[in-house]
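Reviewing the structure listed below.
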Amino acid sequence: MLMRTIDAIDSWDAAWDAFDRRDRSWDGRVIGAVKSTGIYCKPSCPARRPKRENVEFFLDAESARSAGYRACLRCKPDEVGRDREAVAQAVQLIEAAEEPPLLAELAAAVGYAEHHFQRLFTRDMGVSPAAYARAVRARRAEAHLQEDKPVTEAMYDAGYAAPSRFYADARDRLGMTPSAWRDGGRGETIRYVVTDSPLGSLLVAATAKGICRLTFDEDDAALRNRFPNADIQPDDGTIAAWVEGALSAINHPESAPELPIDVRGTAFQEAVWRELRRIPVGQTRSYADIAKAVGDPNATRAVGTANGANPVAVLVPCHRVIRSDGSLGGYAGGLDRKRKLLSAEGARWKEQASLDF
């Protein structure tokens with residue numbers, strides 16, 4: 001049980017906040033038990049919220065049952081672990097398959113009805129099984145293209161049955177033609193600005209689709225290393241609104257505009273980045289939290305690696321991920337910047353009380 005000691009008050013408050021707003025990302029992380037009814041629920045339970053003083057929290061359903069509570073028949077909290085395991089198994093099946101598996105095949109393999117499993121997968125991963133499979137296939141194509149394979153060979157090696165689907169996916173996901181991706185961005189234009197921010201020098205670079213790099217203490221050399229054959233130009237005002245939006249995300253995070261981003265990673269990295277974008281301003285998650293949310297509780301280190309590979313700081317808020325013990329962990333832009341970003345958002349963490357901004 002999460003005892004309400006001095007050291008655990010923040011944990012209890014965070015659990016209550018998640019319970020009160022029916023936060024699905026907390027399902028499987030904490031169990032809310034209602035003293036007045038003797039029932040325990042997962043945080044996303046649609047039932048009416050009880051009074052705060054009538055709720056206590058447990059780390060798992062077994063603990064709640066040991067304390068005399070029974071499972072809610074409406075939200076079925078005992079099934080959360082099974083649901084996450086099924087999604088994780090489906091992810092493994094998709095990534096191991098030569099061709100994208102059908103929804104019926106995936107659902108049968110994990111023991112769920114098709115439509116129910118479609119909802120579970122989409123809820124946990126942020127995309128449908130079909131969209132996730134397309135992402136895996138596109139990532140394979142990118143990898144083959146970067147190995148200097150001919151486009152046709154890369155297409156079939158990645159699992160595409162026809163050129164039309166390959167080129168449609170390439171336009172949607174790569175942001176440039178397959179040949180241009182293979183050739184280091186040949187034929188593409190990337191505009192950039194290096195500007196001052198409250199946290200130091202800031203590089204903002206964008207394709208026509210959105211911001212592709214937002215980093216501290218870098219210049220256009222980083223872009224030329226990644227896209228050596230792209231047409232990389234100082235901005236002429238084309239991306240000025242996006243630059244202002246990026247600065248607003250640092251200066252006024254609670255009211256910053258939604259900005260388009262054009263980033264690419266492995267299927268796992270993109271799943272992590274999607275989960276990071278779901279963390280509300282002023283809140284944090286642990287690396288273990290994110291690993292559970294993307295369906296692989298054992299992937300804590302991989303989550304840390306995906307955080308470090310994030311090409312658009314602040315907009316994909318990897319600074320909101322901290323260690324399970326409440327300490328900050330690492331940050332590509334430096335821990336001082338991470339502290340200041342979190343402080344500006346009103347977030348809490350273990351060492352905050354001893355810091356003076």
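Just so you know, these numbers use all the heavy atoms, side chains as well, and skip hydrogens, waters and symmetry mates. This one's a predicted model, so the numbers in the text were calculated from it and none came from an experiment.
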task: Compare all side-chain heavy atoms of Y69 with those of K35 and state whether any distance is below 4.5 angstrom.
output: yes
- line: Value for NE2 (H319) from CD1 (I250), rounded to nearest 0.5 Å, stands at 9.5 Å
- request: Flag this pair as yes if the NZ/CZ of R49 is under 6.0 angstrom from the six-membered ring centre of F19 and inside a 45 degree cone about the axis; otherwise no.
  value: yes
- line: Smallest heavy-atom separation, W16 atom then P50 atom, equals CH2-O, 3.6 Å
- prompt: In this structure, which one of K340, K338, R339 forms a side-chain hydrogen bond (donor to acceptor under 3.5 Å, both in side chains) with D336?
  reply: K340
field: Heavy-atom side-chain proximity of T189 to T207 below 4.5 angstrom
entry: no
- prompt: Which is it for S66 and S63 under the side-chain contact (heavy atoms from CB on, under 4.5 Å) test, yes or no, and what are the steps along the way?
  reply: CA-CA 5 Å; S66 297; S63 298; 5.6 Å; no
task: Look at the side chain of E105 and the backbone N and O of L102, then say whether any donor-acceptor pair between them is shorter than 3.5 Å.
output: yes
- request: For residues I31 and F57, determine if any side-chain heavy atom of one lies less than 4.5 Å from a side-chain heavy atom of the other.
  value: no
- line: dist S201:OG -> D196:CG (nearest 0.5 Å) comes out at 6.5 Å
task: Provide the closest heavy-atom pair for A291 versus A299 in the form atom of the first, atom of the second, distance.
output: CB-C, 4.0 Å
task: State yes or no: do L341 and L276 share one hydrophobic cluster built from I, L, V, M, F, W and Y residues joined by side-chain heavy-atom distances below 4.5 Å, directly or via other members?
output: yes
task: Consider only side-chain N and O atoms of Y192 and R213, and report whether a donor and an acceptor are under 3.5 Å apart.
output: no
- line: Rounded to the nearest 0.5 Å, the OG1 atom of T305 sits from the OH atom of Y287 at a distance of 10.0 Å
query: Would you say F117 and V110 make side-chain contact, with heavy atoms under 4.5 Å?
result: yes
- request: Indicate yes or no: does E62 engage R65 in a salt bridge with an N to O separation below 4.0 Å.
  value: no
- request: Mind checking side-chain hydrogen bond (donor to acceptor under 3.5 Å, both in side chains) for N251 and listing every partner two or more places apart, or none if nothing turns up?
  value: none
message: side-chain contact (heavy atoms from CB on, under 4.5 Å), that's the test. Do N54 and K51 meet it? Break it down for me.
response: CA-CA 5 Å; N54 286 338; K51 293 182 179 180; 3.9 Å; yes
query: Are side-chain heavy atoms of V30 and L59 found at a separation under 4.5 Å?
result: no
query: Is I261 linked to W242 within one hydrophobic cluster, defined over Ile, Leu, Val, Met, Phe, Trp and Tyr using a side-chain heavy-atom separation of less than 4.5 Å?
result: yes
message: Quick check on the hydrophobic clustering: are L214 and V316 connected, directly or via other members, by side-chain heavy-atom contacts under 4.5 Å?
response: yes
- prompt: Transitively linked via ILVMFWY side-chain contacts under 4.5 Å: L315 with F216?
  reply: yes
- request: Show your reasoning for whether salt bridge (Lys or Arg N to Asp or Glu O under 4.0 Å) applies to R21 and D17.
  value: CA-CA 6 Å; R21 65 176 181 269; D17 288 343; 5.2 Å; no
- line: Heavy-atom closest pair (G329 atom, L335 atom, distance to 0.1 Å) is O-CD2, 2.9 Å
message: Using side-chain heavy atoms (C-beta onward) and a distance below 4.5 Å, is P257 in contact with L259?
response: yes
- prompt: With the threshold set at 4.0 Å, does a side-chain nitrogen-carboxylate oxygen contact exist between R320 and D289?
  reply: no
query: Of the non-hydrogen atoms in Y40 and A71, which two are nearest, and what is the gap between them?
result: CE2-N, 3.3 Å
task: Give the intermediate values and the outcome of side-chain contact (heavy atoms from CB on, under 4.5 Å) for residues R323 and L328.
output: CA-CA 6 Å; R323 291 174 175 163; L328 288 182; over 6 Å; no
task: For residues R337 and L199, report the shortest heavy-atom separation together with the two atoms involved.
output: NE-O, 2.5 Å
query: Between D220 and R224, is the closest basic N to carboxylate O distance under 4.0 Å?
result: yes
task: For the residue pair D235 and Q233, confirm or rule out a side-chain donor-acceptor distance under 3.5 Å.
output: no
query: Any side-chain heavy atom of V314 sitting closer than 4.5 Å to one from V312?
result: no
message: Counting only heavy atoms not in E258 (residues, nucleotides, ligands), do more than 12 fall under 6.0 Å from its CD?
response: no
Heavy-atom pair with the smallest gap, counting every atom of P253 and A344: CG-O, 4.1 Å
- prompt: Taking atom CG of D219 and atom CG of L203, what is their separation to the nearest 0.5 Å?
  reply: 7.5 Å
task: Mind checking the CH2-CG spacing from W273 to N307? Nearest 0.5 Å is all I need.
output: 10.0 Å
message: Can a donor-acceptor pair be found, under 3.5 Å and without considering hydrogens, that links the side chain of R22 to the backbone of A47?
response: yes
- prompt: Looking at side-chain heavy atoms only, is the closest gap between L202 and V194 below 4.5 Å?
  reply: no
message: Please evaluate residues F121 and S128 with respect to the criterion side-chain contact (heavy atoms from CB on, under 4.5 Å), reporting the C-alpha separation (whole Å), side-chain torsions for both, the decisive distance (0.1 Å), and the verdict.
response: CA-CA 6 Å; F121 192 100; S128 68; 5.7 Å; no
message: With rounding to the nearest 0.5 angstrom, report the NZ to NZ distance, K42 to K76.
response: 9.5 Å
message: Grouping I, L, V, M, F, W and Y whenever their side-chain heavy atoms are under 4.5 Å apart, do V281 and V321 come out in a common cluster?
response: no
